[in-house]
J.: 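I have a structure I would like to understand better, so I am pasting it below and will then ask my questions one at a time.
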Amino acid sequence: MRKVASLMMIALFLGNCSADSDLAEILGPSISINLTFPENLSECTEGTLVSETESELTFLWEGIDRVQTYKMTLTNLNTSNIEEFESDEPQLNVILKRATPYSWSISSASSPNKIRSETWTFYNEGPGSESFVPSPATAISPASGASISATATTVNLRWNAEDQDDDIVGYDLYFGEDNDPALFESDLENDQLLGIPVAAGITYYWKVVTKDSQGNESVSPIFSFTVG
């Protein structure tokens with residue numbers, strides 16, 4: 001009987017020790033995980049382009065020795081959709097919606113209430129868009145340096161310009177007798193201007209400024225032709 005009582009006391013003692021240990025875990029000081037990237041309240045233009053609507057971003061934070069597995073909580077602030085991810089390293093690659101605000105936090109997968117970070121927010125713009133400047137226009141007709149008929153009273157100017165983004169929105173045409181011609185027509189939608197009056201025995205000069213939708217511009221060389 002005494003032996004049974006002793007065993008019961010030991011079991012009770014061990015049970016109390018376990019409870020006290022759990023209580024100490026709960027009441028002990030919390031540990032903060034420091035987030036690194038993407039920065040709080042930032043507009044993120046980094047990452048790898050996945051599609052027109054998605055990009056892959058690498059989240060970074062400072063590692064803690066006692067944490068074996070980290071848990072990320074990621075919230076799409078447009079939809080309130082919450083996703084959770086785990087990582088054994090203090091970093092994680094995640095595919096995100098572009099042009100979308102997010103919040104994120106990191107915690108210990110085993111002790112999420114005791115070891116965790118603040119919650120940061122950012123706007124995922126995605127990779128910065130690359131914009132190409134249009135190529136300088138080239139003269140089609142008249143060819144630069146050409147002579148046209150002395151009886152001509154008008155000339156049709158035609159040129160060609162290309163843009164890798166395919167977003168040319170207009171042209172400014174400079175034309176005149178001066179070898180640094182003045183602006184003649186602006187915001188032309190087509191790559192030609194027809195019926196420009198000319199006179200025999202005169203050399204004319206012209207150039208084209210090509211403009212795209214991103215505000216980029218290119219200036220052609222100065223072309224010339226002579227009437228007669």
Side-chain angles (χ1 to χ4, degrees), residues 14-135 162-170 210-218:
L14 290 175
N16 287 338
C17 283
S18 177
D20 289 344
S21 177
D22 292 342
L23 185 61
E25 174 72 12
I26 295 172
L27 297 179
S30 60
I31 299 174
S32 178
I33 297 175
N34 295 321
L35 304 182
T36 305
F37 181 85
E39 296 179 357
N40 193 27
L41 304 176
S42 67
E43 183 176 283
C44 185
T45 59
E46 300 186 36
T48 302
L49 189 66
V50 174
S51 69
E52 290 186 359
T53 59
E54 294 181 322
S55 62
E56 185 177 51
L57 189 65
T58 301
F59 290 79
L60 302 172
W61 58 93
E62 294 181 7
I64 294 179
D65 290 340
R66 63 184 296 179
V67 176
Q68 294 183 337
T69 304
Y70 299 93
K71 181 176 73 173
M72 170 190 281
T73 301
L74 179 70
T75 303
N76 181 323
L77 297 179
N78 281 344
T79 63
S80 298
N81 182 54
I82 299 174
E83 296 181 274
E84 292 185 342
F85 307 89
E86 290 192 351
S87 174
D88 296 334
E89 301 292 333
Q91 64 179 49
L92 187 65
N93 294 336
V94 181
I95 294 178
L96 306 172
K97 294 291 185 182
R98 300 180 67 187
T100 302
Y102 286 92
S103 68
W104 67 294
S105 63
I106 299 294
S107 63
S108 166
S110 60
S111 302
N113 294 321
K114 180 177 175 59
I115 305 175
R116 64 180 304 105
S117 71
E118 298 178 339
T119 298
W120 280 11
T121 61
F122 69 98
Y123 180 80
N124 183 46
E125 181 177 314
S129 59
E130 188 173 14
S131 177
F132 294 90
V133 177
S135 60
E162 297 180 354
D163 190 334
Q164 192 167 337
D165 298 318
D166 195 25
D167 64 345
I168 293 175
V169 294
T210 305
K211 302 180 287 188
D212 70 13
S213 64
Q214 302 298 315
N216 299 314
E217 296 183 353
S218 65

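Predicted model, so just to flag it, every value in this text is computed and none were measured. Values below: every heavy atom of this structure, side chains too, minus hydrogens, waters and symmetry copies.
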J.: How long is the straight-line distance from CD1 of I95 back to OG1 of T48, given to the nearest 0.5 Å?
T.: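 Going from OG1 on T48 over to CD1 on I95, the span is 10.0 Å.
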J.: Write down the atom of S103, the atom of T121, and the distance for their closest heavy-atom approach.
T.: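 That closest heavy-atom pairing would be CB-CG2, 3.7 Å.
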J.: Rounded to the nearest 0.5 Å, what's the gap from OG on S108 to CD1 on I33? Could you check?
T.: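 Answer rounded to 0.5 Å: 6.5 Å.
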J.: For T53, is there any backbone N or O sitting under 3.5 Å from a side-chain donor or acceptor partner on S51?
T.: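 Judged by distance alone, yes, a pair lies under 3.5 Å.
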J.: Working note: E54 + K97, criterion side chain to side chain contact (heavy atoms under 4.5 Å, CB included); need CA distance, chi angles, decisive distance, verdict.
T.: CA-CA 5 Å; E54 294 181 322; K97 294 291 185 182; 3.7 Å; yes
J.: Look only at the side chain of S218 and the backbone of P134, and say whether a donor-acceptor pair between them is shorter than 3.5 Å.
T.: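 Checking the backbone N and O of P134 against the side chain of S218, a donor-acceptor pair under 3.5 Å is found.
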J.: If the condition is side chain to side chain donor-acceptor pair (under 3.5 Å), which residues does T69 pass it with, not counting sequence neighbours?
T.: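 For T69 the side chain to side chain donor-acceptor pair (under 3.5 Å) partners, ignoring immediate neighbours, are D88.
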J.: Check ring-ring contact (aromatic ring centres under 6.0 Å, His included) between W61 and all other residues, then give those that pass, not counting sequence neighbours.
T.: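 Checked W61 against ring-ring contact (aromatic ring centres under 6.0 Å, His included); matches are Y70.
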J.: Would you indicate whether E56, at its atom CD, is surrounded by more than 12 heavy atoms from other residues, nucleotides or ligands within a distance under 6.0 Å?
T.: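 Yes, enclosed.
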J.: Between S42 (side chain only) and N40 (backbone N and O only), is there a donor and an acceptor less than 3.5 Å apart?
T.: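 Flag not set: sc S42 to bb N40 has no pair under 3.5 Å.
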J.: Is it true that a side-chain atom of S117 and a backbone atom of I106 form a donor plus acceptor pair closer than 3.5 Å?
T.: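 At least one qualifying donor-acceptor pair exists.
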J.: Apply side chain to side chain contact (heavy atoms under 4.5 Å, CB included) to residues L92 and W104 and explain how you reach the verdict.
T.: CA-CA 12 Å; L92 187 65; W104 67 294; over 6 Å; no
J.: List the steps, then state whether side chain to side chain contact (heavy atoms under 4.5 Å, CB included) holds for I115 with V67.
T.: CA-CA 8 Å; I115 305 175; V67 176; 3.9 Å; yes
J.: Tabulate below the donor-acceptor pairs under 3.5 Å that side-chain atoms of residues 71-83 make, not counting sequence neighbours, or state none.
T.:
from, atom 1, to, atom 2, distance (Å)
N76, OD1, N78, N, 2.8
N76, OD1, T79, N, 3.2
T79, OG1, N81, N, 3.2

J.: Kindly compute the distance separating CD (E217) from CG (D212), expressed to the nearest 0.5 Å.
T.: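 Interatomic distance, E217 CD to D212 CG, rounded to 0.5 Å: 8.5 Å.
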J.: Return the CD to OG1 distance between Q91 and T36, rounded to the nearest 0.5 Å.
T.: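 If we round to the nearest 0.5 Å, Q91:CD and T36:OG1 are 10.5 Å apart.
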J.: Could you report the tightest heavy-atom contact between P112 and S110, atom names first, then the distance?
T.: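 Minimum heavy-atom separation between P112 and S110: CD-C, 3.5 Å.
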J.: Would a 4.5 Å heavy-atom cut-off, applied to side chains only, mark L96 and F122 as touching?
T.: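 With C-beta onward as the side chain, the pair touches.
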J.: Whether the side chain of R116 engages the backbone of S30 through a donor-acceptor N/O pair (distance < 3.5 Å, no angle test) should be reported.
T.: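 Not at all, since once roles are kept as given, no pair shorter than 3.5 Å links the two residues.
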J.: Tell me whether S135 contacts the main-chain N or O of E162 through its side chain, where contact means a donor paired with an acceptor under 3.5 Å.
T.: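 The answer is yes, because a donor-acceptor pair under 3.5 Å joins these two groups.
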J.: So, taking the atom named CZ in R98 and the one named OG1 in T45, what distance separates them when rounded to the nearest 0.5 Å?
T.: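 Interatomic distance, R98 CZ to T45 OG1, rounded to 0.5 Å: 10.0 Å.
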J.: In sequence, state the C-alpha distance, the side-chain angles, and the governing distance for F59 and L35, and then conclude on side chain to side chain contact (heavy atoms under 4.5 Å, CB included).
T.: CA-CA 9 Å; F59 290 79; L35 304 182; over 6 Å; no
J.: Rounded at 0.5 Å granularity, tell me how far CG in N124 sits from CG in L57.
T.: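 One gets 6.0 Å once the value is rounded to the nearest 0.5 Å.
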J.: I need the minimum non-hydrogen distance between F37 and C44, along with the two atoms involved.
T.: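 Looks like CZ-SG, 3.9 Å.
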